[in-house]
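Note: hydrogens, waters and symmetry copies are ignored here, and every other heavy atom, side chains too, is used. Note on naming: letters A, B, ... go to the chains in the order of the sequence lines (proteins, then strands), and numbering restarts at 1 for each one.
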There are 2 protein chains.
Amino acid sequence: MGNAYNVMAATCPSRTVLHRIGARWTVFIVNALDHGPMRFTELKAHIRGITSKALTETLRAMEYDGLVSRTEIPAHPPHVEYALTDLGRSLLTPLRAVREWAESHVPDIERARAQADAQR
Amino acid sequence: MGNAYNVMAATCPSRTVLHRIGARWTVFIVNALDHGPMRFTELKAHIRGITSKALTETLRAMEYDGLVSRTEIPAHPPHVEYALTDLGRSLLTPLRAVREWAESHVPDIERARAQADAQR
DNA sequence: GGATACCGGTATCGAATCTATACCGTCCGG
DNA sequence: CCGGACGGTATAGATTCGATACCGGTATCC
């Protein structure tokens with residue numbers, strides 16, 4: 001397909017994109033929103049171990065990049081809903097693959113770590 | 001396929017795995033080693049902007065996890081060669097997808113950022 | 001109407017991490 | 001003996017992260 005961007009170049013904008021994708025919690029949020037929109041507190045409960053601060057910051061950054069949308073719903077009680085945009089949804093495929101790789105290769109990596117530890 | 005690990009659980013070992021994959025430079029190293037083994041200085045030149053320290057640390061961590069192998073070659077002049085292991089090679093597919101997503105969606109994200117900036 | 005709890009966050013601070021810069025020992029060719 | 005390539009370390013400063021505490025608005029219960 002020959003696109004114009006190359007992540008290996010230091011000045012390439014794709015660096016900042018990759019930096020955002022690689023950020024601590026982005027993978028989790030994208031995967032969590034896979035099955036539909038979620039509220040702030042729902043997300044926080046679903047992604048175990050994330051703090052309010054980290055969640056807020058990551059969501060704001062992803063919103064800035066056009067990956068998620070934030071909608072305040074004025075119903076009673078009012079609440080906030082986060083959802084993947086089309087762009088965010090397109091990121092789902094590669095990131096789901098990464099998540100699946102991680103989940104399915106845990107034993108291999110634990111074995112490698114144990115072996116490296118034993119070697120010393 | 002129903003594997004036993006779930007990244008959403010805070011205590012799950014897949015978290016540490018995902019954390020390593022998501023580390024600043026791992027994606028670059030895996031992609032760089034796609035086409036065969038490389039030396040330290042070769043890698044450093046190829047991945048623009050990485051410092052010796054970051055490269056050393058990332059390579060050590062990846063070696064610990066069994067993703068890359070480090071071989072000192074006693075030829076003259078002696079040098080060090082880094083290569084993907086089988087495990088590392090299996091990570092190539094998902095990470096290449098991420099890289100390609102990043103490279104091909106730069107314009108979308110830049111547009112989103114510009115629009116978000118303009119909105120304020 | 002007063003107390004209480006939930007929602008969606010901020011504020012703050014110390015700890016961990018990353019970057020930049022400088023330096024180093026070994027080997028080799030000239 | 002001089003200089004440069006290789007494969008790193010050392011150190012300091014900037015940045016980011018996580019833990020903890022707090023907060024204003026809205027329902028709900030009594």
Side-chain angles (χ1 to χ4, degrees), chain A residues 7-12 15-29 32-33 36-65 68-83 120, chain B residues 7-12 15-29 32-33 36-65 68-83 120:
Chain A
V7 287
M8 294 303 175
T11 58
C12 183
R15 277 289 174 92
T16 70
V17 172
L18 211 52
H19 186 255
R20 195 52 60 76
I21 298 175
R24 203 67 96 244
W25 298 105
T26 307
V27 191
F28 298 101
I29 293 180
L33 292 179
M38 278 195 184
R39 297 199 212 170
F40 186 88
T41 33
E42 249 179 314
L43 274 169
K44 192 166 171 330
H46 195 77
I47 305 170
R48 305 306 182 78
I50 196 172
T51 63
S52 293
K53 190 193 170 196
L55 184 54
T56 305
E57 282 172 0
T58 312
L59 284 170
R60 293 278 191 276
M62 291 175 70
E63 196 191 351
Y64 179 67
D65 285 355
V68 301
S69 63
R70 178 183 184 279
T71 25
E72 294 181 22
I73 292 174
H76 289 276
H79 59 266
V80 180
E81 234 176 43
Y82 290 96
R120 292 184 305 114
Chain B
V7 287
M8 293 305 175
T11 58
C12 183
R15 278 289 174 91
T16 69
V17 172
L18 212 51
H19 186 254
R20 193 54 58 78
I21 297 175
R24 203 68 95 244
W25 298 106
T26 307
V27 192
F28 298 100
I29 293 180
L33 293 179
M38 278 197 186
R39 299 198 211 170
F40 186 87
T41 32
E42 248 180 315
L43 274 170
K44 192 164 171 329
H46 195 78
I47 306 169
R48 304 307 183 77
I50 195 172
T51 62
S52 292
K53 193 190 171 200
L55 184 53
T56 305
E57 280 172 3
T58 312
L59 284 170
R60 293 276 191 278
M62 291 175 70
E63 195 191 352
Y64 179 68
D65 285 355
V68 301
S69 63
R70 178 184 186 277
T71 25
E72 295 181 21
I73 292 174
H76 290 276
H79 58 266
V80 182
E81 234 177 42
Y82 291 96
R120 290 185 303 114

Which of the following nucleotides, D/dG8, C/dG9, C/dT19, is nearest to the side chain of A/Thr56? C/dG9
Please report the distance, rounded to the nearest Å, between CG in A/Leu55 and P in D/dG18. 12 Å
Quick one: does any side-chain atom of A/Arg60 pair with a main-chain N or O of A/Leu55 as donor and acceptor, under 3.5 Å? no
Would you sort out whether B/Arg24 and A/His19 count as a side-chain contact (heavy atoms from CB on, under 4.5 Å), showing the intermediate values? CA-CA 7 Å; B/Arg24 203 68 95 244; A/His19 186 255; 3.1 Å; yes
Atom CZ of A/Arg20 with >12 non-hydrogen neighbours under 6.0 angstrom: yes
N or O in side chain of A/Arg70 less than 4.0 angstrom from C/dG9 OP1/OP2: yes
Could you state the atom-to-atom distance from NE2 of B/His19 to C1' of C/dA16 in whole Å? 10 Å
Apply the test side-chain contact (heavy atoms from CB on, under 4.5 Å) to residues A/Ile50 and A/Phe28: give CA-CA distance (whole Å), side-chain angles for both, the deciding distance (0.1 Å), then the verdict. CA-CA 10 Å; A/Ile50 196 172; A/Phe28 298 101; over 6 Å; no
Counting only side-chain nitrogens and oxygens, does A/Trp25 get under 4.0 Å of the OP1 or OP2 atom of D/dT16? no
Without decimals, in angstroms, what is the distance between A/Arg15 CZ and C/dC18 P? 15 Å
Specify the residues of residues 37-51 of chain A, ordered by number, for which at least one heavy atom lies under 4.0 angstrom from an atom of DNA chain C. A/Arg39, A/Phe40, A/Thr41
Which residue lies more 5' along DNA chain D, comparing A/Pro77 with A/Glu57 via nearest heavy atoms: A/Glu57
Measure the distance from CZ on A/Arg60 to C1' on C/dG9 and round it to the nearest whole Å. 8 Å
Look at the side-chain N and O atoms of B/Tyr82 and state whether any lies under 4.0 Å from the OP1 or OP2 oxygen of D/dG8. yes
Here the pair of heavy atoms bringing A/Met8 nearest to A/Arg15 is O-NH2, 3.2 Å
Minimum-distance nucleotide to B/His79 side chain [options: C/dG8, D/dG7, D/dG8]: D/dG7
Which residue in the set B/Glu42, B/Met62, B/Arg70 passes side chain to side chain contact (heavy atoms under 4.5 Å, CB included) when paired with B/Tyr82? B/Arg70
Quick check for you: among D/dT9, D/dC17, C/dG8, whose closest atom lies nearest to any side-chain atom of A/Lys53? D/dC17
Run through A/Leu59, A/Val68, A/Thr58 and flag the one making a side chain to side chain contact (heavy atoms under 4.5 Å, CB included) with A/Thr26. A/Thr58
Taking only side-chain N and O atoms of B/Arg24, does any of them lie within less than 4.0 angstrom of OP1 or OP2 on C/dT19? yes
